Amino acid sequence: MSNRIYLVITSAFSLIAASLLSFESYLKIYGKSLCSTAACEIVSRYLSISETVLITFGAGFFWIITTLFFFARRYPCKIGHLPYLVLVTALAVDGALIGFQFFTIHQNCLLCISVAITLLVISILYCLAYKSYLCLFCCVFVWIGSFASQSIMKMPAPTAAGKQMIFYQKKTQAESPQNQIIKTFIFSMECPHCLEIIATLAATDVRNDTWQFASIDTDDASLRKLSKFLQEAPKSENPFGLLKQIKVESIPTYAISKVVRESSKHTLNFLANLQISSIPVLIIDDSSGKKQIFLGTSNILQALSIQQ
């Protein structure tokens, strides 16, 4: 194929990617997505920026690179290697993102993988258009190197994330706090198994132990409920009763607490480090420093019956 045909095909791929990502960015505004897999939702929780912002940046990149391809065909002397430099930068970022998913959190977002494949195809076609095999070699190995670099990385230590994931603590009212037991409850407002634990503890005297609360919720509806809980919990004798009450309420306008939003990310980091993929989770620390972790409704309820 001629140089011109390669560039036309490259531009077509880039234009399609730009259009689809722009549509995905539009859908995100209304809480929808072209990718409905659970992995996409999980990966989005680890982003340091909004998922919508990342997708918008991706769409913007493909629109820019499409424009550069268009002018590279007409003004090759003026544009020069600019499209290649932009592609290499994007490949480095994309390789790190995909590598993080594969090696660190072991989740594979189909949307991210589709973008990665499209980016690699575009890079290969562009290099073939100019018969620059050295550039092709560099593009592929920049992506592979960035991808592989994540295999030697690991998540922050659980102890650090464990302290930061607590968004509320109800201290014991026992007379001898030095012998207290600290119980950390990790849950989601949308988890029926968590609700079963919450309902049980709502009817239980929990004043003899210190309770800590951590959530994995990232959606605004749940975060609003947790923010209301955080505001009202200090006045409650039993925070689980309050949590049960707020769970069934509709809270459309409550301001979301930054503490609640940030703590969810640390909770996910904590669970990922311990390779825990389900909730509810109960962590019991006693005064001797012994730590026990219980997973699932039946195990937690059994542990609580032993402790009380």
Side-chain angles (χ1 to χ4, degrees), residues 1-25 28 33-35 37 39-40 43-44 46-49 51-105 107-153:
M1 283 192 290
S2 66
N3 172 295
R4 181 183 178 84
I5 295 176
Y6 270 120
L7 283 177
V8 169
I9 296 174
T10 304
S11 300
F13 267 102
S14 184
L15 182 61
I16 292 171
S19 301
L20 288 176
L21 284 179
S22 296
F23 183 58
E24 173 71 6
S25 182
K28 284 294 180 184
S33 175
L34 293 172
C35 181
T37 61
C40 290
V43 170
S44 69
Y46 288 90
L47 296 174
S48 58
I49 61 174
E51 181 186 10
T52 304
V53 172
L54 181 64
I55 293 172
T56 303
F57 279 152
F61 160 78
F62 280 108
W63 283 116
I64 291 171
I65 201 68
T66 301
T67 304
L68 289 176
F69 289 150
F70 177 81
F71 285 108
R73 206 154 36 102
R74 284 165 170 71
Y75 312 106
C77 295
K78 293 183 179 181
I79 297 299
H81 294 292
L82 185 56
Y84 169 73
L85 295 175
V86 174
L87 281 172
V88 168
T89 303
L91 286 166
V93 175
D94 185 75
L97 178 62
I98 300 299
F100 176 77
Q101 294 177 33
F102 272 81
F103 295 115
T104 306
I105 61 175
Q107 297 289 337
N108 310 130
C109 170
L110 293 181
L111 179 62
C112 298
I113 292 174
S114 299
V115 171
I117 292 173
T118 303
L119 191 56
L120 283 168
V121 169
I122 287 173
S123 302
I124 292 170
L125 288 172
Y126 179 75
C127 292
L128 290 176
Y130 292 98
K131 295 181 173 59
S132 179
Y133 300 106
L134 178 60
C135 290
L136 176 59
F137 176 88
C138 291
C139 282
V140 173
F141 274 84
V142 162
W143 190 92
I144 292 175
S146 185
F147 173 81
S149 68
Q150 296 299 312
S151 66
I152 61 174
M153 305 295 288

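Here the structure is a predicted model, which is why all the values come from computation and not from measurement. One-based numbering along the sequence shown.
- Proximity of Pro83 to Tyr126: side-chain heavy atoms (C-beta onward) are separated by under 4.5 Å at one or more points.
- The minimum heavy-atom distance linking Asp94 with Cys112 is given by the pair OD1-O, 4.3 Å.
- Here CG of Leu120 is found 9.0 Å from SG of Cys139. Values are rounded to the nearest 0.5 Å.
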Check step by step if side-chain contact (heavy atoms from CB on, under 4.5 Å) holds for Phe69 and Ser14. CA-CA 9 Å; Phe69 289 150; Ser14 184; 4.2 Å; yes
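- Atom-to-atom distance recorded for Leu20:CG and Thr118:OG1 is 8.5 Å, nearest 0.5 angstrom.
- When side chains are defined from C-beta on, Ile55 does not count as touching Phe23, because their heavy atoms never get closer than 4.5 Å.
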Please test Leu119 against Phe13 for side-chain contact (heavy atoms from CB on, under 4.5 Å), starting from the C-alpha separation and ending with a verdict. CA-CA 9 Å; Leu119 191 56; Phe13 267 102; over 6 Å; no
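- Taking the six-membered ring wherever Trp is involved, the centroid distance between the rings of Tyr133 and Phe137 does not fall below 6.0 Å.
- Here the straight-line distance linking atom CG of Leu136 with atom NZ of Lys131 works out to 13.0 Å at 0.5 Å rounding.
- You'll find the side chain of Trp63 reaches within 4.5 Å of the side chain of Leu15, heavy atoms only.
- Ser149 places a side-chain N or O within donor-acceptor distance of the main-chain N or O of Ser146, the cut-off being under 3.5 Å.
- One finds the CG atom of Leu34 at 11.5 Å from the CG atom of Leu110 (value rounded to the nearest 0.5 Å).
- Of the possible donor and acceptor atoms, none in the side chain of Gln150 sits under 3.5 Å from a partner among the backbone N and O of Phe102.
- Judged by distance alone, the side chain of Ser132 and the main-chain N or O of Cys127 form no donor-acceptor pair under 3.5 Å.
- Pairing each heavy atom of Leu21 with each of Gly58, the nearest pair is CD1-C, 3.7 Å.
- Contact of the Ile16 side chain with the Phe62 side chain is not registered, since no non-hydrogen atoms from C-beta on lie closer than 4.5 Å.
- Note: Phe147 and Phe103 meet the aromatic proximity criterion, with ring centroids under 6.0 Å apart.
- Note: Leu125 CG to Ile5 CD1 = 12.0 Å, rounded to the nearest 0.5 Å.
- Expressed to the nearest 0.5 Å, how far CG of Leu82 lies from CG of Leu68 amounts to 5.0 Å.
- Using modelled atom types and a 3.5 Å distance limit, the side chains of Trp143 and Ser123 yield no donor-acceptor pair.
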Does the pair Thr56 and Thr52 meet the rule for a side-chain contact (heavy atoms from CB on, under 4.5 Å), with working shown? CA-CA 6 Å; Thr56 303; Thr52 304; 4.2 Å; yes
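- Taking the side chain as every heavy atom from C-beta outward, Leu87 and Ile65 approach each other to under 4.5 Å.
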